[in-house]
Every structure is written in structure tokens, then in C-alpha cells.
Amino acid sequence: MARHLITSAIPYINGIKHLGNLVGSQLPADLYARYLRGRGHEVLFLCATDEHGTPAELAAAKAGKPVDEFCREMYEVQAKIAEGFRLSFDHFGRSSSLQNRHLTQHFASQLAKNGMISEVTEQQMYSVADGRFLPDRYVEGTCPNCGYDNARGDQCDNCTKQLDPADLINPRSVISGSTELEMRETRHLHLRQSQMKEKLADWIDSKKDWPILTTSIAKKWLNDGDGLADRGITRDLAWGVPVQYEGAPWSGMEGKVFYVWFDAPIEYIACSQEWVDAGKGADWERWWRTDKGAEDVTYTQFMGKDNVPFHTLSFPSTIFGSGEPWKLVDYIKSFNYLNYDGGQFSTSRGRGVFQDQALSLLPADYWRWWLLSHAPESSDAEFTWENFQVSVNKDLADVLGNLVSRVTKFCRAKFGEVVPEGGVFGPQEEKLIAELETRIRAYEGFMDAREVRKSAAELRAIWVAGNEYLQSSAPWTVFKTDPVQAAAQTRVALNLIRLYAVLSRPFIPDAAASMMASVQSGDWSWPEDVAAALNVLPAGHGFTTPEVLFRKITDEERVDWQARFAGTRD
RNA sequence: GGCUAGGUAGCUCAGUUGGUUAGAGCACAUGACUCAUAAUCAUGGGGUCGGGGGUUCGAGUCCCCCCCUCGCCA
């Protein structure tokens, strides 16, 4: 039994996420966690909400609520959705937790002691009316290049020119609309990542089995331009972790907070403290401190490609720079983007399917299966309603669901709702066992390698093997001349349902539970030995014929949904 | 403009360190079966592997140039 620490990139708090966010981190992380648990390993699977920063403040203001109250409510919403998708976090934390506040301040102090922090004086746009500094994106004005009057401080949406807030003509605050803006001097802490360049490069070079997507993005940032740049880790905001040194105010940093990207990854660790404080676990350090038992932990992070630089460079700089024996990530699984019907999912324009809407249309398993079997691993992937309908109907309803139906209904009709007795395994059964043996080992190999699509394809092939067996052994024909042999065949088929429940659980946990319930078993043990696994349900064991496991998506529904989600979300 | 990743059957994708007739699923066609959610199983048609050069006995797989898509950075 091995120990696996798994974290999913933590979703931002400002709204409900779309399906792309789900498939890029939380869902594959859940798949992996469920698989490892199924194999009997010890797993700690953590996720949280990322709550700090200006977007949260603005979203709260728009909702007319204090930011902490807004975050608490949105946390509940996201937690509920995560539950809806059956994400099996051991704990779903919050980056605004007290634990994270303390740990973030601790890391900053350690970094400062080790010479990893520098203080830099900068000029930044200040809004007198709002009484605060404005991030580049929150200054708008007329583009000096093309004259577009809604250009943002970082870039003009019209001509795409990169801008500096000071370039804008008639700049105004996005928050209040005030034009009473001025450049003011402000001081910030920078994380001296550049000091870590060699160490990071060596570390990344040593990771030969990481996805190319992960290492290529990391190397690009390491070598781009002047090389890895130092990064500001403080902001002039009210909402965040207050900048402190050793528990006391940090001279010159009064009223400032840490940048959201500094405290967010630290939440991975703090979340395990929350997990303990919530009474769900006893010892978080044995997962995170290599001097306290975490030496044998395998740590895997899941994330979308936009998060890779922070996880390959910034956070490791924090860990290395602390000079303390924190557990470093062993494998970074990154994903490309999921596009929606020829374009991008867009939170701002309400284009595509959002997580709450998805759950209101169909049960979680439908989405889990489609998203995971089409995970954007090697390149961006595309969601279309046609593809979704066809894949789900074919794979889940026809191949798997119908298999369960035909087996249970056939048995009920010929032998009653008990596992039939008599007969022995012959060549057909040996062939089935041999194929399953090969395929299940392949499935394990893909899962161990965190190969999501290939795992899905192999699982599907395992389901197909059941249909092939039934088709070639044809118990409905055998029954007419040799009912005892038909009984043996039917017994094998019923056992396949339990076996498939075990194997399928990481992908489709609810359907797996239904399958297990229908064969009235609770034996979730992994099939190390296939022949033995097909004998778990003995003759005489009762079962119930289940309702349709997966209903089909109709053409009418598809057309309706296509129209509904093309436009704008209210 | 620079950099990354891609461009393989109608669609979605696999293709290990270059090696025999380029694979899978879906879709399509034909056949089998009739236990089952008009489900299943079998067989078959279909690709000059973005384009052009080059290295090699041999390249989807290596090198160079060009075209297109996505993203990041200027």
C-alpha cells in the first residue's frame, strides 16, 4: 500500500465555473484519487476555493455584499456543485482560512530570512475616489493606438495592443468610473525567483515522465527573454492575507496583502490543516513534511495549462526558498483547454455550459464520462452537443447500460432473480478471462500513468468484452438444449456486472453504485485475479433487476440544449 | 514578430528509441443474433499521415523551408 497526496488546482471564487474548469483539474484528480483508493492505497485528496484578490472584491461589490460574506456564500455554492459531480475531496477548503493566513505569513517570513524577498518601489495608478490602487485591468480609457474608448489598462480589446495604464487617454476607474486618477509610488515585496533558476531548471530536467505540456511551459518561462523574472507577491488591497513578518506588522507594508497567487498554492498545505481541524484526519505533517513521515508520499498535482508556471516555478521557489523540508510535487499533470462548439467557453459572455446547468440537465456520470473520455491531454478538445449525445448514448446506454439490462432480464426470465446454479467454465469463459486479464492490467497501467483518455478507452473495451462474450456464448440459445450450461454462462455474466462496477467506479461512481446494489453485493475489492473476481457472486445469491442505468439523450433534447447554451447566461 | 503545442480515414483521436500491407471508437454498408435501452456481435469500404525538399536500404516517426490552427510572450 502506497501513500498518495493529490491536489486539484483550486477554482476561483468569483462565480460558477464552466465545464472546461472541471475537466482541467478537479475531475481528473478525482478519477485518479478514486482509482488509487479502489486499489487499496492511502489517499489524501484536497481542493479548496481560491478566494483572495480584486476579482473577488469586485464580484462581491457587484452582488452588493461584503466580500467575506460573498465568499462564504460562493464557497457553499461551489462545494455543493463539487458534491453534485461526486468529487471525492477528503476536504474542500478555503484559501481565506485562518490556517492559510498563518502558513502564508510563515512562508513569507522564512523566505525573507533566507534572502529570497526583495523590496521594490513602483509607480501605480491610484484612484482618489475609490481610495485605492488599481490593478492594470481595472483602469479603462481610450486606446492611444486605435482610439477605442473601452481599452483596458493592460491591453486594448479592439486592436490587441499591449498597454500600460499610464498610456490611456482619459483613464477612469472600472470600480467607480472616477477619472480622478494619479500615478503614485508604492512599495512591494518581490519573490526572488531568479535566484532559483538553476535549481528549478535541474529539477524540471529531472522529470522525464511529466507531460510535455508541463515541461515545455516551465522551460519557456525559465528561458524566455531575460530568464525567470522575480515576481511581485504583494498588492495594495484590503482582501487577502495581511503582509506580516513573524506575526508582527512588516515595516513599510502596512495595509498590504499578499498577492493571491502567492497564498493560493500554500492553501494546498493549509487545506490539510483544515482537514485535521475539521476532525477528518489526525496528522497533516506526515503528508507534507519529509522530516515527519512524508518521505514515502507520492504527490500529484492536476491543473489547466494556465496554472503551470505557478506550480512549476513560483510555488517550488516558495518551497525551496523556505529552507524547510516541505514535500515537493512529484508529478504535475496538466491539461489543455476545452472549447465549446467552435469557440471558447466564456464566463463573461455566458457561452457554453456551466457546472450548475450541466447538473440540472443530466446526472453527473454522463458529464464525467464524456469529459474524462475526451480530456484535453494532447491538445485542446472540443465539446459539441452532437458528440456528447453520440458518445454518451453509445458508450453508457448501449454498451454498458444495455449489458446490465440484458443480463439481468434474461436471468430473471429463465432462472429467476438469483444467480443460477450448475455448469462449469469452458473455453468461452477461459477466453473471456484471458482477455479481461490483459485489458485490466492495461487499464491499471494507464491509470497509474494518469493517462485519462487511454484509461477511458480501455475501460470501454472491457465493457465491450462482456457483450462479445454474451454474443458468442449465446445463453439464450444454449438454454434450449443445455440449461445447465446456460446457467453457468449467466452466472459469469452476472458476476461481470459486479466486476464492472468496481472497474468503472472512478469514472461513473453513481452508476457503479447502482450496479453493485443490483447484484446485492458490497464487495469492491480490486480484481487482482479475474477468475476469482468472476466467482464472487455464488449460485443462489439474489439480485434485483435494475431500472435503466443510463437513459438516452434524444435528438429533441440535443437541439433544445444547443440553442439554450449558445447565447448568453443571464 | 518570437516561442510552445498541434495539423493522421467524414468526425474524435492512438501511433513506442525511424522498419514488414498506417490503427481504434463513432458514422456508413453488409451479414449474424433476437437475451437486451430499435440494443449486441462479425465483416467490409474509406487515409498520397498539412505542402515541398533532404538524410537513410527504409520516415507519419529525423533535418530544412513554407502554409494553417491554438496558446503564451513582445
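None of these values were measured; they are calculated from a predicted model. We name chains A, B, ... by the order of the sequence lines, and we start the count at 1 in each one. Atoms considered below: every heavy atom in the structure, side chains included; atoms not considered: hydrogens, waters and symmetry mates.
For the P atom pair drawn from B:C41 and B:A24, the interatomic distance equals 15 Å after rounding to whole Å. Spacing between B:G47 and B:C3 at atom P, rounded to whole Å, works out to 37 Å. Nucleotides B:C26 and B:U43 are separated by 13 Å at their P atoms, to the nearest Å. The same atom, P, is picked in B:G60 and in B:G18; the two are 13 Å apart, to the nearest Å. Across B:C63 and B:U12, the matching C1' atoms stand 31 Å from one another, rounded to whole Å. Spacing of P atoms, B:G45 relative to B:U37, comes out at 34 Å, to the nearest Å. Atom P of B:C13 sits at a distance of 9 Å from the matching atom of B:U8, rounded to the whole Å. Taking atom P in both B:U4 and B:A59, the straight-line distance is 27 Å, to the nearest Å.
A:V390 comes within 4.0 angstrom of sugar-phosphate atoms only, judged by non-hydrogen atoms across all strands, and of no base. Among the heavy atoms of the strands, none lies under 4.0 Å from A:V404. Nucleic acid contact for A:L549: base, since at least one base atom lies under 4.0 Å from a heavy atom of the residue. A:F550 comes within 4.0 angstrom of a nucleotide base, judged by non-hydrogen atoms across all strands. Looking at heavy-atom distances under 4.0 Å, A:K454 makes contact with sugar-phosphate atoms alone, never a base. If you check every strand for non-hydrogen atoms under 4.0 Å, A:S216 touches sugar and phosphate atoms only.
When rounded to the nearest whole Å, the span between OH of A:Y337 and P of B:A5 equals 16 Å. Atom P of nucleotide B:C70 and atom CG of A:N336 are separated by 14 Å, given to the nearest angstrom. When rounded to the nearest whole Å, the span between CG of A:D398 and P of B:C26 equals 10 Å. With rounding to whole Å, A:D306 atom CG is found 18 Å from B:A5 atom P. The separation between A:K305 atom NZ and B:A5 atom P is 12 Å, rounded to whole Å. Taking atom NZ of residue A:K409 and atom C1' of nucleotide B:U34, one finds them 15 Å apart after rounding to whole Å. Rounded to a whole Å, the NZ atom of A:K394 is 4 Å from the P atom of B:U40. Taking atom CG of A:L403 as the reference point, atom P of B:C41 lies 9 Å away to the nearest angstrom.
You can call A:W476 stacked on the base of B:C35; the centres are under 5.5 Å apart and the planes sit within 30°.
In this model, the phosphate group of B:A24 is not approached by any side-chain N or O of A:R460 to a distance below 4.0 Å at OP1 or OP2.
Residues A:Y268 and A:H311 place their aromatic rings such that the two centres sit under 6.0 Å apart. Taking the six-membered ring for Trp and the full ring otherwise, A:F479 and A:F415 have centroids separated by under 6.0 Å. Taking the six-membered ring for Trp and the full ring otherwise, the centers of A:W369 and A:W463 sit less than 6.0 Å from each other.
For the atom pair CE of A:M447 and CD of A:E458, the computed distance is 11.0 Å after rounding to the nearest 0.5 Å. Here the CE atom belonging to A:M515 is positioned 10.5 Å from the CZ atom belonging to A:R498, to the nearest 0.5 angstrom. Rounded to the nearest 0.5 angstrom, A:T7 OG1 and A:I332 CD1 are separated by 9.0 Å. Note: A:Q489 CD to A:L494 CG = 12.0 Å, rounded to the nearest 0.5 Å.
Shortest non-hydrogen contact noted between A:L371 and A:L22 is CD1-CD2, 3.9 Å. Here the closest heavy-atom approach between residue A:L396 and residue A:F550 is recorded as O-CD1, 3.3 Å.
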Restricting both atoms to N or O, compile the protein contacts to nucleotides 8-13 of chain B shorter than 3.5 Å, with distance only.
| unit_1 | atom_1 | unit_2 | atom_2 | d |
| --- | --- | --- | --- | --- |
| B:U12 | O2' | A:R453 | NH2 | 3.4 |

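Comparing A:I212 and A:W463 against RNA chain B, the residue whose closest nucleotide sits nearer the 5' end is A:I212. Nearer the 5' end of RNA chain B, as judged by each residue's closest nucleotide, is the contact made by A:L213, out of A:L213 and A:S405.
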Residues A:W367, A:F388; criterion ring-ring contact (aromatic ring centres under 6.0 Å, His included); working and verdict = CA-CA 9 Å; A:W367 300 104; A:F388 179 67; 4.4 Å; yes
Treat a base pair as Watson-Crick or G-U wobble with both distances under 3.5 Å, then lay out RNA chain B in dot-bracket form, 5' to 3', with | for cross-strand pairs.
-> (((.(((..((((.....[...)))).(((((.......))))).....(((((..]....)))))))).))).
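Under the 6.0 Å distance and 45° angle rule, A:K305 counts as a cation-pi partner of A:Y337.
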